[in-house]
Amino acid sequence: GNSVTQMEGPVTLSEEAFLTINCTYTATGYPSLFWYVQYPGEGLQLLLKATKADDKGSNKGFEATYRKETTSFHLEKGSVQVSDSAVYFCALSDPYSGGGADGLTFGKGTHLIIQP
Amino acid sequence: EAGVAQSPRYKIIEKRQSVAFWCNPISGHATLYWYQQILGQGPKLLIQFQNNGVVDDSQLPKDRFSAERLKGVDSTLKIQPAKLEDSAVYLCASSTGTLNEQFFGPGTRLTVL
């Protein structure tokens with residue numbers, strides 16, 4: 001079956017540091033890949049996505065590239081801010097192998113803490 | 001535009017009792033999902049509806065969980081009887097179609113004692 005593995009947290013960084021959160025996946029077909037974010041006291045929201053190999057998703061200074069050869073979708077940001085403190089979830093959807101069902105398979109989440 | 005609405009926000013019950021959660025998706029969203037998020041884990045899909053039909057319920061524990069989406073709009077998720085391990089946040093999400101962004105509600109936090 002499908003699965004997502006992401007680095008355990010919490011990850012603590014200083015403001016303006018470079019961020020990488022690792023994510024690898026296992027899928028039977030050709031999944032689409034996502035990063036969702038949950039800010040304190042808020043609901044889950046989509047951060048970025050990529051639908052095919054070598055696609056790069058980007059939003060709010062965050063980027064992730066769909067690497068089929070390494071089955072990875074690592075999240076990066078060049079200079080983090082205190083406001084980036086949140087829980088980040090890597091996820092995949094594989095509707096073409098699941099009869100059209102596009103429910104998300106999530107990783108466990110990575111808690112990111114940015115210190116001023 | 002109003003977001004996904006869920007109620008109640010919190011619920012505490014004893015094991016073996018029944019509980020129901022309600023979800024109102026974003027207007028016009030044909031696809032509705034229920035996820036279960038246990039503390040420290042990512043959300044797990046329980047069921048997906050397209051309009052009022054079930055697309056995927058392969059991970060729904062059907063001996064105790066049931067869900068319906070009458071008229072293709074609101075949905076209810078029921079647990080009967082509840083077990084201790086059902087303590088979790090139950091998230092509802094909706095989207096306009098396959099691989100489109102899923103919009104999540106605030107969730108219902110269930111505690112089973």
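Here is the naming used below: chain letters follow the sequence lines, and residue numbers restart at 1 for every chain.
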Within the side chain of [X], is there an N or O that forms a donor-acceptor pair under 3.5 Å with the backbone of [Y]?
X      : Y       : answer
K49(A) : N100(B) : no
Y35(B) : L104(A) : yes
Q45(A) : F103(B) : no

Checking P106(B) against chain A: side chain, backbone, both or neither under 4.5 Å from a heavy atom?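 Neither the backbone nor the side chain of P106(B) comes within 4.5 Å of chain A.
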I47(B), part contacting chain A, at a heavy-atom distance under 4.5 Å: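 For I47(B), no heavy atom lies under 4.5 Å from chain A.
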Within 6.0 angstrom of [X] [atom1], more than 12 heavy atoms from elsewhere:
X       : atom1 : result
E101(B) : CD    : yes
K71(B)  : NZ    : no
Y10(B)  : OH    : no
E16(A)  : CD    : no

Nearest heavy-atom neighbours spanning D102(A) and Q48(B):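 Answer, listing the atom of D102(A) first, then Q48(B): OD1-NE2, 2.9 Å.
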Any heavy-atom pair between the side chains of [Y] and [X] that's under 4.5 Å?
X       : Y      : result
Q37(B)  : F89(A) : yes
L99(B)  : F34(A) : yes
Q102(B) : Y36(A) : yes

Going by the side chain to side chain donor-acceptor pair (under 3.5 Å) test, which pairs reach into residues 57-69 of chain A, not counting sequence neighbours?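 Sorted pair list comes back empty.
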If hydrophobic clusters are built by linking Ile, Leu, Val, Met, Phe, Trp and Tyr wherever their side-chain heavy atoms come under 4.5 Å apart, do V4(B) and L32(B) end up in the same one?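 No, separate clusters.
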Are Y88(A) and V11(A) joined in one hydrophobic group, where the rule is that I, L, V, M, F, W and Y side chains link up if heavy atoms are under 4.5 Å apart?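 Linked within one cluster.
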Atom CD1 in I38(B), atom NZ in K108(A): separation rounded to 0.5 Å?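 These two atoms lie 11.0 Å from each other.
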